[in-house]
Amino acid sequence: MSSKDAVNDLLSRTKAIVDTIVDGVITISDHGLIETVNPAAENIFVYKKEELIGKNVSMLMPAPYQHEHDGYLRNYLNTGNKKIIGIGREVTGRRSDGSTFPLELAISEMEVNGQRMFTGIVRDISQRKDTEEKLRELLARTKAILDTIVDGVITISDRGLIETVNPAAEKIFGYRLDELSGKNVSMLMPNPYRAEHDQYLNNYLSTGEKQIIGIGREVTGLRKNGSTFPLELAISEMEVNGQRMFTGIVRDISERKETEDQLRSAMRRVHEQQIKDEFIATVSHELRTPLTSIKASLELIIGGAIDKKSSQADMLINIAHKNSDRLLLLINDILDISKIESEKMQFNRQDIRVKPFLETAIFDNQAYAEKHQVKFILKQCPDSLYINVDPDRLMQVMSNLMSNAAKFSNQNSVVEISAYKVDNSVRIAVSDKGRGIPNDFQNRVFDKFTQADTSDKREMNGTGLGLHISKAIVEQHNGALSFISTPDKGSEFYIDLSILEGSHKGHHSE
């Protein structure tokens, strides 16, 4: 290839490059006149080449740059003081239709055949600027949202360090951003959560096992002043520029929890009032029933309707006597409840040996067992068991448990009384093989005025207060009254009381 052909080839290649690049290329004389433009420049400014060649390049600039251009060029030619030559910058361009647009401009100086010239590389950045503007708007909106929402937003690095917090988080925890930035987020947690946090984070990063990430939960926060408070926490995982980060959304729920507590308290007061109202209504009914029977029997006798010496009169007197007993029992139970609830029940505690105490309980209640055709037996009780109790009050509890066992046992069956050591306690148990307690009634066994079988309440002749009183008496002894029951197989009620070692046997009373 000849030198001329080589030059022509280079010129062709250069022209092809200039004609195909997306950036506009404009060459300008030292008088500011356009000498050449490539197709991209024609497209950018919406001019044809022939409309631009020989024209002052300022035609591609809006005011006031258009009028300043020639003065700037002359100043540079006279002084060599550069403003944009050799430096890329953003300027405003003007299209043929008069519209303006942002563009990037880079001007370089060159010499061609001894003549000074300038080359301008221009790029229409309208789309980029539009995207940037939309991004700025989005960031501004996002920031406005984060700055105004009531929930605290905290971003955390994968090392647990705080990177950003919004104003709500500052207010919730009482810290400024500069006091939190770069610090471990565990500073916002009380112990033991603070000590566990880094271990939890390391475990998650190592194993991927999540405990709270992606799951909202209630936790405890720690304010700058050292006070703790309940908060709702939701943590999400994200990736920013290839880096794993976490976002925590926190909400102070102190007010809500206080409202919930107040609501529960109000509901409890309403429930207690309902119980009191039901108690009064039941007591009124229970008192009225035997009184009505007593009054009716006596009126028949006193009124002369029945011969006072007849068997009918004896029957009415017997009815009045039984109902008087029932009335007295009910009044005593109500008085016991009143004493218990006002904490005025007196206890005369003594050291007693358990075995003779249970033998006395069986003897005293055996007649009641025979009435229901059952038998009380002492199944087991070591001689060495001692307890410190009020024997009269504990006997009241035993009589209630034993009478219940007799009432609900099958005829000709046995009720077993036992006592044995369980850890540091003495357990006294009353077991029967009767009808048992229905499953749906077991959680109400110790409530006032409750009986499992209300259909034969009169037949069972109970007030429905015995177990409630018994439980309260046992608890006043720092003990516990519980039961195990299987419907149609029987029940076992047992009392757990603190044991006294054998060294007390010289100080007991029986």
Side-chain angles (χ1 to χ4, degrees), residues 1 3-139 241-242:
M1 180 183 293
S3 298
K4 184 178 180 181
D5 290 338
V7 170
N8 288 335
D9 182 63
L10 178 60
L11 288 174
S12 296
R13 290 176 181 272
T14 303
K15 185 177 184 303
I17 293 171
V18 172
D19 286 350
T20 55
I21 61 175
V22 295
D23 290 338
V25 181
I26 305 172
T27 60
I28 312 157
S29 73
D30 57 0
H31 295 293
L33 302 180
I34 299 171
E35 294 200 350
T36 65
V37 295
N38 72 338
E42 292 180 286
N43 291 332
I44 290 172
F45 291 98
V46 198
Y47 280 103
K48 293 179 180 178
K49 180 171 61 174
E50 54 268 21
E51 295 177 290
L52 294 171
I53 301 299
K55 304 290 178 60
N56 194 303
V57 72
S58 63
M59 69 183 288
L60 303 178
M61 308 170 189
Y65 313 109
Q66 190 177 61
H67 306 296
E68 297 172 352
H69 177 262
D70 290 343
Y72 162 70
L73 185 58
R74 282 193 299 271
N75 180 70
Y76 169 64
L77 294 173
N78 293 331
T79 66
N81 182 25
K82 299 178 182 181
K83 288 188 177 180
I84 64 170
I85 294 174
I87 304 170
R89 65 183 295 185
E90 288 186 12
V91 296
T92 303
R94 182 179 181 273
R95 299 186 184 94
S96 62
D97 61 4
S99 62
T100 60
F101 63 99
L103 60 83
E104 273 185 349
L105 170 64
I107 297 179
S108 59
E109 187 178 1
M110 62 183 177
E111 190 174 302
V112 179
N113 298 325
Q115 181 183 357
R116 186 184 305 195
M117 295 184 67
F118 303 95
T119 301
I121 309 297
V122 296
R123 177 177 293 176
D124 185 346
I125 57 173
S126 302
Q127 186 174 357
R128 191 184 81 189
K129 297 296 283 186
D130 184 56
T131 301
E132 289 175 354
E133 181 61 27
K134 289 180 178 177
L135 181 59
R136 278 192 295 270
E137 290 181 3
L138 178 60
L139 289 174
N241 297 326

Rounded to the nearest 0.5 Å, what's the gap from [atom1] on [X] to [atom2] on [Y]? Could you check?
X: I53; Y: K48; atom1: CD1; atom2: NZ; result: 14.0 Å
X: E50; Y: K55; atom1: CD; atom2: NZ; result: 10.0 Å
X: L33; Y: N56; atom1: CG; atom2: CG; result: 6.0 Å
X: N38; Y: K49; atom1: CG; atom2: NZ; result: 10.0 Å
X: R136; Y: T131; atom1: CZ; atom2: OG1; result: 10.5 Å

Report yes or no: does [X] contribute a side-chain atom to a donor-acceptor pair with the main-chain N or O of [Y] at less than 3.5 Å?
X: S96; Y: V46; value: yes
X: N113; Y: Q115; value: no
X: D23; Y: I121; value: no

Can you name the nearest heavy-atom pair linking [X] to [Y], along with the distance?
X: T92; Y: P62; answer: O-CD, 3.2 Å
X: I21; Y: A40; answer: O-CB, 3.4 Å
X: G93; Y: L103; answer: CA-CD2, 3.6 Å

Candidates D97, L60, V37 - the one meeting side chain to side chain contact (heavy atoms under 4.5 Å, CB included) with F45 =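 Testing each of D97, L60, V37 against F45, the sole residue satisfying side chain to side chain contact (heavy atoms under 4.5 Å, CB included) is L60.
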request  = Flag the pair M110 / T27 as yes when at least one side-chain heavy-atom distance between them is below 4.5 Å, and no otherwise.
outcome  =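 In short, these two side chains touch, coming nearer than 4.5 Å.
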request  = Answer yes or no: is there an ion pair linking E132 with R128, defined by an N-O contact shorter than 4.0 Å?
outcome  =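 A salt bridge is present here (some side-chain N lies under 4.0 Å from a carboxylate O).
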message = I'd like to check the side-chain contact (heavy atoms from CB on, under 4.5 Å) partners of S126; sequence neighbours left out, ordered by chain and number.
response = R95, F101, P102, D124
inquiry  = Would E42 and Y47 count as a side chain to side chain contact (heavy atoms under 4.5 Å, CB included) here? Give the steps.
reply    = CA-CA 5 Å; E42 292 180 286; Y47 280 103; 5.8 Å; no
task = Answer yes or no: are there more than 12 heavy-atom neighbours, outside Q127 itself, under 6.0 Å from its atom CD?
result = no
message = With side chain to side chain contact (heavy atoms under 4.5 Å, CB included) as the criterion, how do E90 and E104 come out once you've worked through the C-alpha distance, each side chain's angles and the decisive distance to 0.1 Å?
response = CA-CA 5 Å; E90 288 186 12; E104 273 185 349; 4.2 Å; yes
